[in-house]
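Worksheet: one structure, shown below.
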There are 2 protein chains.
Amino acid sequence: MDRSDALDCCAPGVEGIFEEVAAHDLAQVFAALADPVRLRLLSIVAAGGEVCSCNLEGPLNKRQSTISHHTSVLHSAGLLVGRRRGRWMYWSVVPERLAQVARVLDVELAGPLA
Amino acid sequence: MDRSDALDCCAPGVEGIFEEVAAHDLAQVFAALADPVRLRLLSIVAAGGEVCSCNLEGPLNKRQSTISHHTSVLHSAGLLVGRRRGRWMYWSVVPERLAQVARVLDVELAGPLA
DNA sequence: CTATCATATCGATAATGATCGATATGACAA
DNA sequence: TTGTCATATCGATCATTATCGATATGATAG
């Protein structure tokens with residue numbers, strides 16, 4: 001529950017320097033990506049299109065409560081969306097969000113010098 | 001001291017799914033980005049081109065030892081390079097590294113579905 | 001209704017890391 | 001050499017979080 005996009009643009013202030021709130025929000029997204037289990041989870045969902053939680057415990061070798069925790073973190077970061085189908089939860093990646101974060105790295109940070 | 005690039009390509013294994021070591025290395029890079037102070041530090045250096053450590057304590061409002069810690073983390077992640085000039089340390093971003101990480105998000109994770 | 005199954009939440013533990021003050025290293029000036 | 005200044009490292013504290021087992025929620029089947 002934290003999808004306020006302070007990162008989708010250009011904070012005013014000193015010439016391209018991140019302001020504190022924007023940096024805080026962006027850091028949360030990177031924190032969601034800063035775990036090997038979550039990165040593998042993301043790659044599995046990206047490759048599978050729509051993947052059930054129950055099909056993640058095996059490949060990731062983690063307990064159900066741990067998987068639920070990780071999907072929750074990725075969802076809060078706006079990187080995953082979930083859809084209920086009966087008792088099952090199916091997860092998909094949010095490509096626009098990933099592209100948005102990629103752009104911050106590529107344009108806002110690498111760009112000025114590249 | 002951890003710039004082994006397991007992320008610059010395509011681990012073999014199951015169809016685009018990150019293997020554990022690659023995920024571990026990539027997670028370390030994102031962990032370096034997962035701090036608001038470091039993100040602001042990066043943006044200051046990106047905007048300034050080559051910035052002295054001594055010019056970071058003020059804008060970031062952190063002590064010298066804390067700044068040194070953060071530059072060290074970013075350097076270990078390959079995101080910053082440092083150059084000594086007399087007693088001063090000047091830092092620059094590594095645009096190729098940032099672009100490389102951006103590509104992982106944009107191509108390997110967002111790509112398959114976008 | 002009750003039973004069952006998939007997922008979510010809770011509580012505890014252990015590990016990681018951000019921050020600071022204090023100290024060490026290393027470079028320049030005199 | 002000695003003194004000074006910028007940076008690096010050390011040690012401690014506090015906060016965050018990954019993980020698990022146990023339990024709660026919620027949906028389907030009978």
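Not measured: the values here are computed from a predicted model. Each chain gets a letter, A, B and so on, in the order its sequence line appears, and its residues count up from 1.
- Rounded to whole Å, the distance from CZ on A:R83 to C1' on C:dT7 is 17 Å.
- Put simply, CH2 on A:W88 is 16 Å from P on C:dT4, counting in whole angstrom units.
- A donor atom on one side chain and an acceptor atom on the other are found under 3.5 Å apart for A:Q100 and A:R97.
- Closest-nucleotide positions on DNA chain C for B:S65 and B:V73 were compared, and the one nearer the 5' end corresponds to B:V73.
- By the 4.0 Å N-to-carboxylate-O rule, B:E50 lies close enough to B:R83 to be salt-bridged with it.
- The distance from atom CZ of A:R40 to atom C1' of D:dA18 is 16 Å, rounded to the nearest whole Å.
- Ranking C:dT19, D:dA6, C:dT7 by closeness to the B:V37 side chain, first place goes to C:dT19.
- Between the P atom of C:dT16 and the CD atom of B:Q28 lies a distance of 11 Å, rounded to the nearest Å.
- Rounding to the nearest 0.5 Å gives a distance of 9.0 Å between CD of B:E20 and CG of A:L60.
- B:F18 contributes atom CZ, which lies 10.5 Å from atom CZ of A:R40 (distance to the nearest 0.5 angstrom).
- Contact annotation: the side chain of A:L79 never approaches that of A:W91 to less than 4.5 Å [non-hydrogen atoms, C-beta and beyond].
- Computed from coordinates, the A:I67 CD1 to D:dG21 P distance equals 13 Å when rounded to whole Å.
- OP1 and OP2 of C:dG17 both lie 4.0 Å or more from every side-chain N or O belonging to B:H70.
- Neither OP1 nor OP2 of D:dT7 sits under 4.0 Å from any side-chain N or O of B:H69.
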Checklist outcome for this item: Protein heavy-atom contacts under 4.0 Å, written 5' to 3' over nucleotides 23-30 of chain D as B (base), S (sugar-phosphate only) or - (none), form the string ----BB--

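- Using a 4.0 Å heavy-atom distance criterion, A:S68 is classed as a base contact.
- As rounded to whole Å, 13 Å separates atom P of D:dA18 from atom CG of A:L41.
- Under the 4.5 Å side-chain heavy-atom criterion for ILVMFWY residues, a single connected hydrophobic cluster contains both B:V29 and A:L26.
- Distance, B:K62 NZ to D:dT7 P: 18 Å, rounded to whole Å.
- The distance from atom CZ of B:R63 to atom C1' of D:dA12 is 17 Å, rounded to the nearest whole Å.
- Between C:dC20 and B:T66, a contact under 4.0 Å exists linking OP1 or OP2 to a side-chain N or O.
- Distance check: A:M89 CE to A:H75 NE2 gives 7.0 Å after rounding to the nearest 0.5 Å.
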